[in-house]
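Counting from 1, the numbers follow the sequence of the chain as shown.
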Amino acid sequence: MSPEALGILGLAICVGLCGIGSAIGLWFTGSAAAGVIADDGKKFSKVLILVVLPATQGIYGFVFAIIGMGAISSGAALLAAAMPLALTGLVSGIFQGKTAVSGIYAVAKNESLSGKLILFPAMVETYAILGLVVSILLMPVGI
């Protein structure tokens with residue numbers, strides 16, 4: 001396999017896994033929010049932020065792929081650099097969605113908590129951000 005193919009594979013895996021994590025997380029949050037909104041449409045704005053939080057992992061994967069396009073010729077090094085974000089993006093997207101679902105259900109019971117409940121899924125987000133930072137630091141430069 002050529003170095004360019006390995007570099008492209010690394011970026012594709014990263015975008016794909018981050019996107020899968022976000023899609024699953026959004027599936028969880030969207031489903032929970034639909035139930036809450038069906039009961040009380042006025043809570044839409046209270047649950048919206050919690051619903052969209054898992055989307056960020058997909059964005060991080062996309063941003064890394066754009067940044068990494070200049071290093072495709074580095075091959076296996078880029079493939080390896082993409083793995084921290086690929087794995088943390090997948091896992092944190094799913095678990096951020098699950099955490100946000102709990103917040104959505106809590107808003108259904110007491111909507112005054114909505115601002116405070118953002119903190120819990122945001123803590124899960126930290127690991128996606130760390131994965132992004134590590135992947136960027138590992139990215140080959142000067143090629």
Side-chain angles (χ1 to χ4, degrees), residues 1 4-141 143:
M1 192 175 253
E4 291 80 13
L6 285 173
I8 291 168
L9 179 63
L11 296 178
I13 288 171
C14 185
V15 170
L17 291 179
C18 287
I20 289 168
S22 282
I24 292 170
L26 290 167
W27 170 44
F28 293 148
T29 59
S31 299
V36 170
I37 293 167
D39 285 341
D40 184 356
K42 294 176 187 172
K43 293 182 179 171
F44 175 79
S45 62
K46 299 288 186 180
V47 300
L48 182 61
I49 300 274
L50 291 165
V51 170
V52 300
L53 277 174
T56 55
Q57 284 80 352
I59 295 168
Y60 298 155
F62 177 75
V63 167
F64 182 77
I66 297 297
I67 294 169
M69 294 297 286
I72 285 177
S73 63
S74 63
L78 182 58
L79 173 63
M83 290 304 104
L85 177 56
L87 297 173
T88 59
L90 172 66
V91 175
S92 69
I94 293 168
F95 285 100
Q96 187 176 41
K98 289 182 176 215
T99 306
V101 164
S102 298
I104 291 166
Y105 290 149
V107 168
K109 293 180 180 182
N110 182 354
E111 63 185 282
S112 68
L113 295 174
S114 65
K116 295 175 184 172
L117 294 169
I118 293 171
L119 177 63
F120 303 120
M123 290 166 50
V124 180
E125 175 88 17
T126 302
Y127 292 93
I129 294 169
L130 292 174
L132 174 63
V133 169
V134 169
S135 286
I136 290 171
L137 290 173
L138 291 174
M139 188 180 304
V141 293
I143 297 180

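The shortest heavy-atom contact between Thr99 and Pro121 is CG2-N, 3.6 Å. Gly93 and Pro54 make their closest contact through O-CB, 3.8 Å (heavy atoms, listed as atom of the first residue, atom of the second, distance). The two residues Met139 and Ala71 come nearest to each other via the heavy atoms CG-CB, 4.3 Å. Here the closest non-hydrogen pair linking Pro84 and Ala81 is CD-O, 3.2 Å. Nearest heavy-atom pair across Ala86 and Cys14 is CB-CA, 3.7 Å.
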Inset, instruction - Starting from the C-alpha separation in whole Å, work towards a yes-or-no answer on side-chain contact (heavy atoms from CB on, under 4.5 Å) for Ile13 and Met83. - result: CA-CA 8 Å; Ile13 288 171; Met83 290 304 104; 3.7 Å; yes
Legend entry - Ile118 vs Leu50, side-chain contact (heavy atoms from CB on, under 4.5 Å): CA-CA, chis, key distance, verdict: CA-CA 6 Å; Ile118 293 171; Leu50 291 165; 4.2 Å; yes
Inset, instruction - Evaluate side-chain contact (heavy atoms from CB on, under 4.5 Å) for Ile136 paired with Ile67, printing each intermediate quantity in order. - result: CA-CA 8 Å; Ile136 290 171; Ile67 294 169; 4.3 Å; yes
Legend entry - Full working for side-chain contact (heavy atoms from CB on, under 4.5 Å) between Val51 and Ile104: CA-CA 8 Å; Val51 170; Ile104 291 166; 3.9 Å; yes
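A donor-acceptor pair under 3.5 Å links the side-chain atoms of Ser135 to the main chain of Leu85, judged by distance alone. Between the Ser73 side chain and the Glu4 main chain, no donor and acceptor come within less than 3.5 Å of each other. Remark: side-chain polar atoms of Lys43 are paired, donor with acceptor, to backbone N or O of Ala108 under 3.5 angstrom.
Of the inter-residue distances, the one linking Gln96 atom CD with Glu125 atom CD reads 4.5 Å to the nearest 0.5 angstrom. A distance of 9.5 Å separates CG in Leu78 from CG in Leu6, rounded to the nearest 0.5 Å. To the nearest 0.5 Å, atom CZ of residue Phe95 and atom CD1 of residue Ile24 are 10.0 Å apart. Atom-to-atom distance recorded for Ser22:OG and Ile59:CD1 is 7.5 Å, nearest 0.5 angstrom. One finds the CD1 atom of Ile8 at 4.5 Å from the CD1 atom of Ile72 (value rounded to the nearest 0.5 Å). Taken to the nearest 0.5 Å, the CG atom of Leu53 stands 9.5 Å off from the CG atom of Leu48.
Residues Thr88 and Leu130 fail the side-chain proximity criterion, which asks for heavy atoms closer than 4.5 Å.
A 6.0 Å sphere centred on CD1 of Ile129 holds more than 12 heavy atoms belonging to other residues, nucleotides or ligands.
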